[in-house]
Amino acid sequence: MQTSAAVEVAGLVKRYGDKTAVDGLDLSVLRGTVTAFLGPNGAGKTTTIETCEGYRSPDAGTVRVLGLDPVADGAALRPRIGVMLQSGGIYPTARAEETLRHMATLHAHPLDVPSLVERLGLGSCGRTPYRRLSGGQQQRLALALALVGRPELVFLDEPTAGLDPQARHATWDLVRELRTDGVTVLLTTHAMDEAEELSDDVAIVDGGRVIAQGTPEELCKGGAENTLRFGGRPGLDLGSLLKALPAETVAVELSPGSYRLTGTVDPQLLATVTSWCAQNGVLPDRISVERRTLEDVFLELTGRELRS
Ligand code: ATP
């Protein structure tokens, strides 16, 4: 019987000399889902993924991919997975389409190369040597190479970094189609909107460990923090408003007449704000409650900028 996990990592440790890059990492990726693997630079994402791909051996812990050991069972595993690397692995002088055709011949049931070329907008550069392709074209070719063998599981390392908006959306559509076709996708990205848009599950890694995992909705509703914004006349007495609100509420006039409250924004707080406005002759010209975004959660958990 197949297990429901496509990737199962338990207690993974990986060191480079004195540097512990991955420090007891646990990760489970369910079959047929898209999982985003997020983390600040140097958190250990690439090392973990390269271990799952069989390019690195664990110093401790276990890794199972499609039920197999990626190193010991590498020959059996490789035809079943697709790997999109951030860079490298392609001969600089090889032409884009012939590289793709060659990769297709290595697989028993490859995708149709011309339609993949068309989908990824590689038609106009099919005869261009790899080193002459633009960064975005190289990126799209790397994605095509990962997909041409109809993998059961694909690892995508920052698949849309550096792509123009059109290519970015084409890539998102492809990832959605992969999920519809039952393919498991594990992707790393620094783009939080991409993770929210595409993923069923998000794992946030920091310091070589997964520090949070769940659906984007679960992660975003984890805390009571929300934001309320409203517009009114400039220079309102926020001190008197705060007296009516729970002690942890923070109020800021972001720009003249534009106010932001953060804290436990619940129906009671909204009622208190509107009643304070009525008592003070303030007609808010707009009022909105915004939930936390994945980016807010990420920054709270890791305490760092996205690209440190
Ligand atoms: P990024 O978002 O920047 O791609 P990452 O989360 O993928 O980062 P890794 O590339 O896995 O992080 O790196 C984790 C840590 O291990 C970093 O401190 C990095 O400098 C170090 N590291 C990675 N590869 C090597 C290597 N071959 N030799 C020595 N140290 C390495």
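Numbers here simply count residues along the sequence, with the first being 1. Small disclaimer: the values here were computed from a predicted structure and weren't measured.
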Apply side-chain contact (heavy atoms from CB on, under 4.5 Å) to the pair L153 and R80, showing each step before the final yes or no. CA-CA 7 Å; L153 163 68; R80 299 174 59 193; over 6 Å; no

I would like to know whether T293 and E196 meet side-chain hydrogen bond (donor to acceptor under 3.5 Å, both in side chains); could you show each step before the answer? CA-CA 9 Å; T293 64; E196 274 194 295; 5.4 Å; no

For L66 and L77, run side-chain contact (heavy atoms from CB on, under 4.5 Å): C-alpha distance rounded to whole Å, both residues' side-chain angles, the deciding distance at 0.1 Å, then the answer. CA-CA 8 Å; L66 302 176; L77 184 61; 4.0 Å; yes

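In this structure, T48 and V205 have side chains that are not in contact, with every pair of non-hydrogen atoms separated by 4.5 Å or more. Annotation: side chain of T274 is in contact with side chain of I287 (closest heavy-atom distance under 4.5 Å). The shortest distance between side-chain heavy atoms of L241 and Y259 does not fall below 4.5 Å. Side-chain contact check for V154 versus L143: every heavy-atom pair is 4.5 Å or farther apart. The closest side-chain heavy-atom distance from S199 to R179 is not below 4.5 Å.
Applying the salt bridge (charged side-chain N to carboxylate O under 4.0 Å, His left out) rule to pairs touching residues 137-148 yields nothing, sequence neighbours excluded.
Looking at every heavy atom in both residues, V210 comes nearest to A203 through CG1-CB, 4.3 Å. The shortest heavy-atom contact between K45 and P40 is NZ-O, 3.1 Å.
Counting heavy-atom neighbours within 6.0 Å of R176 CZ, excluding the residue itself, gives a total above 12. Within 6.0 Å of CD in E98 there are more than 12 heavy atoms belonging to other residues, nucleotides or ligands. Under a cut-off of 6.0 angstrom, the local environment of OH in Y91 is sparse, with at most 12 non-hydrogen atoms contributed by other residues, nucleotides or ligands.
Residues passing the side chain to side chain contact (heavy atoms under 4.5 Å, CB included) test with E177, sequence neighbours excluded: R119. Shown here are the salt bridge (charged side-chain N to carboxylate O under 4.0 Å, His left out) partners of D112, two or more places apart in sequence or in another chain: there are none.
The distance from atom CG of D201 to atom CZ of F37, rounded to the nearest 0.5 Å, is 11.5 Å. Taking CZ from F230 and CG from L283, the interatomic distance works out to 11.5 Å, rounded to the nearest 0.5 Å.
Here the rule is side chain to side chain contact (heavy atoms under 4.5 Å, CB included) with L261, and of T227, V252, L245 only L245 fits it.
Hydrophobic cluster membership differs between L30 and V185, with clusters built from Ile, Leu, Val, Met, Phe, Trp and Tyr side chains linked at under 4.5 angstrom.
In the model, E158 has no side-chain atom that pairs as donor or acceptor with a side-chain atom of T189 under 3.5 Å.
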